Amino acid sequence: MARKGYDHRKVEEVAQKKWAGLDLYSTDLRDEEKEPYYLLIEFPYPSGDLHIGHWYAYVVPDIYARFKRMQGRNVLFPIGFDAFGLPAENAAMKNGADPRRWTEENMARMREQIRSMGTSLDWSKEVVTCDPSYYTWTQWLFLKFFEQGLAERREAPVKWCPKDRTVLANEQVIDGACERCGTEVEEKQLTQWFLKITKYADRLLRDLDALPWREDIKEAQRAWIGESEGAKLTFSLETAATAASLGKAEVFTTRPDTIFGATYLVLAPEHPMVEGLIDFVQNPAEVRAYRETTSRKTERERSENKDKTGVALAGVVAVNPASGERIPVYIADYVLASYGTGAVMAVPAHDERDFEFARRFRLPVRHVIAPRRVDERNPHLPDKELVKRNIIVGIVRNPKTGNYLGLSWKKQGWISFITGGIEEGEDMVETARREIAEETGYTNLRYVRTLGGPVHVEFYAAHKDVNRIAYANHLLFELEDETRAEVSKEEQDLHEALWLDEGKLTRDQMDHAQMDLILERLRSDDCAYTDDGVLINSGTWTGRDNREVIWEMVESIGGERVKNYRIRDWLVSRQRYWGCPIPIVYDPEGAAHPVPPEHLPWLLPEDVDFTTSDAAPLASSQELKERVTKLFGEGWTPECDTLDTFVDSSWYYLRYLDSKDEGDFSDQAMLKKWLPIERYSGGSEHTTMHLLYARFFHKALYDLALVPESEPFVERYNRGIILGPDGQKMSKRWGNVVNPDDVVKQYGADAVRVYYAFMAPYNESGHYVWSDKGVESARRFLDRIASLADTVGDADASEALMQMIARTARKIAEDAERFKFNTAVAALMVLVREFEGQEEVSRTAYHDLLRLVAPFAPHLAEHLWEETGGERSVHEASWPEGAIAASAEATVIVQVNGKKRGELLLAVDAGEEEAVAAARGLEAVEKALAGQEIAKTVYVPGRILNLVVV
RNA sequence: GCCGGGGUGGCGAAAUUGGUAGACGCACCACGCUUAGGACGUGGCUCCCUCGGGAAUGGAGGUUCGAGUCCUCUCCCCGGCACCA
């Protein structure tokens, strides 16, 4: 091994020049021979500070692009720049630079850096979103949306970032703070442009199912869209005193089955009806004050403080459409104006939030769903009379000992709490006191509380010979002292009282099928029961299963079955300069009109003072004002907001297919040929933003017949995150940012590529600590491959080596499909070791090796290919898929009772008898058998032989 | 809290989908080369051990000839959503 590594700088420079000379990476989109493969990576924002983590995003997909080309596919692997955005503007404000120049300088630098990685990206189709030739089509598409009613201007509460001085989309607000700068967002009522993504919520959700994406990505989108199925129910509002009609309030609920338990109604403070109702309430000042306070609260303040607040609309009542009951009406900020109908029917017995509110405002709790428990030890018997009863279960605790009072049933051997039927009109607490006294003698009891609502318990009551349904009400008492009255002879014959410690309170010990609920309710203070069960106190529905009748109930009260979504319309207006101008003008009356297509691109003005303006910077442009006046007339005014940059990036992948076209946004024939994109690789931070927006855009364009498919991306891969060498997120603040230029200077681009490929599987959400040692190790591996060149000769390669090459080629191809380049590189390492064992390496074999190495280390492979007499470029060579001969022999693992005791080299078609005989020849096997008889043998030819001796 | 994804050596990870657990690397240890260090080479490297083996894939059970892989329960970590009715 004479060679001590290679001169990577020279090798890289020469190779990159050679590829440029051969024009290897300009994809011919119209090629008819090769099958197309569209591989997409998220195009970068030209921030100017490309760190080593960015390499991960480019070089690993590049390995795949190169591999696919060698497999004979016509690979489209394009790139561009997402070039509008705030940082350019902020830099401009800070340094007085021009945003366009700042952006262009950064792009120039990044093009060089990305090329230096040895990427095979196709720059000939580059798109730059801030170029008028691009954004003219962004504007054109926006106007298409406008024509379809998918772009709409309306007043709405919006999230405002005071630091960036612009509104934000919901997706850009994280925990009530601006996603970009962390400033707490404010809520403002503004007139803004929205794209109606909510119209597509259902399809965005449904179409996810068929996509072969990772489940966590799909789940994140599902959660973001947030579908819930329920009903809209209408409550009439009237004055309490005179029953004069005050209109109708529509509520959205997912639990219309609990309608009989609605004990009050809540409107969001911002609900449009409230304004009108104020005239009729007895406490208008209070209502106004509450609305004022809530409107001043930020999103974060509202969600941080979950204590319920609200104000009654005194004198207003709502009529329950199911029961006709009149119930009070409140406004409270736990009801959101922006979700559902902005109004809810409150069912404290079966909704935790309503329960909390009811407790605070002392509103009644009415149970209408009873959990169902069936006593499996005592099930209903056929042909027995069914008797329903309301009962109490008296639970008596002795606070001194912590024990509970039970009854031991003499004949039956049961242990239970004290139970008894409630007579018509009898008070439950009185019933319980009476029963406890009669059955146990204890009379000095303090009533503590009732444990939740009634429980529906089904069992066969042997002593009465009937099938029973008991609605059990659990009442908790505490023993005040041991005072005991005498217990009658009859009762004493049936059972005797005994004290149970807490550990005895289990279903195993106690004769109550509802023990789980009793324990749960004893442990924590009672709260809402939100599960399913049997309807009670619900008029004619009483006794029915809630899920069975839920939609019948909706129908019977004139409700409407609807789906509701958490996702809100996409707010796209930005009060910033460096973005795509919204191609809208306003007539003197203030009505919005599209800028006619002949005036596109609707250019971003340049005479803008964006450093001082507090409103939209475009408002300061004289040129824009004059332009509008000139084209549309006196009194017409421009739209001064720009579009969210996520609009620009929602369709860029379509533009790659015809990036220079001045007559259309893309090319229909090419869209048909190249869509959908086979694989889209990016970062997890875009799951509920870019990725969702792009899917929405694509569906809207599909409905406009502008694209041929309704989903843009077949597969989506989210890569892991590269941490600094200290295990922290790379950041200038920590001083742990790894500079790619330094690393590449020392180890070479190929070493970094191999390091990233080998580090871990790509499509996983892991965090990986950057390690110089890892790159060093990758470099050592490359040096070994380079050293092999010195041993290349003209001899033929052994069949064994050629077989190993073929198997490795297949292994890498399989791993590459799943982006598991870590195991692919491992296989290459094993193969290289095999090469190192040869005295002379055959040229053909070595060239095969270089072809396998080429996607990973494209520069070195090219250099060695040329050095050892390869033609043109290794990157034009095909993937070496040799035939793999079936091997005649295989290692069979010999086990005794499932434990490995040895191995055998056997013909793959060896029979069981032969295998057993051979195995018995192994000393370790005989020893393990220890003379015992073989009861059973399991033989999988070519794999395993298990001898079982009981 | 709800939903999703995961827990395998000191670390990154493998494991033909029920058939040799830890491939391939990093780090570490020993030896060799060397004046020395580095680089390189050879070997070792889950734990325990009386050197025959034994235990081990977060934990506890189960199914199976055989379980990292399948089932039940449970603990922990990561991600998403969260006053969404």
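So you know, we letter chains A, B, ... as the sequences are listed, proteins then strands, and number each from 1. Bear in mind the structure is a predicted one, so any value in this text is a computation, not a measurement.
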Any ion pair linking A/E215 and A/R222 (charged N to carboxylate O, less than 4.0 Å)?
yes
SB check A/R920 A/E926 (cutoff 4.0 Å):
yes
Nearest to side-chain heavy atoms of A/Y334, which nucleotide of B/C83, B/A85, B/C65
B/C83
Could you tell me the Watson-Crick or G-U partner of B/G41, where both distances fall under 3.5 Å? Say none if there is no partner.
B/C31
Rounding to an integer number of angstrom, what distance separates B/G41 and B/C48 when you compare their P atoms?
30 Å
Which base, if any, makes a Watson-Crick or G-U wobble pair with B/A55, both distances under 3.5 Å?
B/U46
Going by purine N1 to pyrimidine N3 plus the second Watson-Crick contact, or the G-U wobble pair, all under 3.5 Å, which nucleotide sits opposite B/C81?
B/G1
Under 3.5 Å, is there a donor-acceptor pair linking the side chains of A/Y290 and A/T309?
yes
When the P atoms of B/G32 and B/G38 are considered, how many whole Å apart are they?
15 Å
With both distances under 3.5 angstrom, what nucleotide forms a Watson-Crick or G-U wobble pair with B/A23?
none
C1' atom, B/G22 versus B/A15: distance in rounded Å?
8 Å
Between B/C83, B/A85, B/A27, which nucleotide has the shortest distance from any of its atoms to the side chain of A/K773?
B/A27
Any idea which of B/A85, B/C81, B/G25 is nearest the A/W224 side chain?
B/C81
Could you check if the base of B/G9 is syn or anti? Syn means the glycosidic torsion is within 90 degrees of 0.
syn
In whole angstrom, give me the gap between the C1' atoms of B/C83 and B/U64.
49 Å
Over how many whole Å does the gap from A/N822 atom CG to B/G22 atom C1' extend?
14 Å
Choosing from B/A85, B/C24, B/U20, which nucleotide comes nearest the side chain of A/A826?
B/C24
Closest to side chain of A/I893, choosing from B/A85, B/G12, B/U20
B/U20
Whole-Å distance separating the CG atom of A/D351 from the P atom of B/A85:
9 Å
Under 6.0 Å from the ring centre and within 45 degrees of the ring axis: does the NZ or CZ of A/K308 meet both conditions for the six-membered ring of A/Y334?
yes
Proximal nucleotide (of B/C65, B/A14, B/A85) relative to the A/K936 side chain:
B/C65
Taking any heavy-atom pair under 4.0 Å as a contact, classify A/D333: base, sugar-phosphate, or nothing.
base
How many whole angstroms separate atom CE of A/M759 from atom P of B/A14?
12 Å
Among B/G66, B/G52, B/G12, find the nucleotide with the atom closest to the side chain of A/N946.
B/G66
What distance, rounded to whole Å, do you find between the two P atoms, one in B/U8 and one in B/G58?
6 Å
What interatomic distance, in whole Å, is found between C1' of B/C76 and the corresponding atom of B/U57?
15 Å
Rounded distance in Å between the P positions of B/G59 and B/G68:
11 Å
Closest listed nucleotide, where the reference is the side chain of A/V940 and the choices are B/G12, B/U20, B/G19:
B/G19
Rounded distance in Å between the P positions of B/A60 and B/U69:
13 Å
What nucleotide, of B/G80, B/G19, B/G25, holds the atom closest to the side chain of A/A220?
B/G80
Only pairs with both distances under 3.5 Å count, Watson-Crick or wobble alike; so what is the partner of B/A14 in this structure?
none
Between the side chains of A/T198 and A/D569, is a donor N or O closer than 3.5 angstrom to an acceptor N or O?
yes
Sugar-phosphate only, base, or nothing, as touched by A/V825 at under 4.0 Å among non-hydrogen atoms
nothing
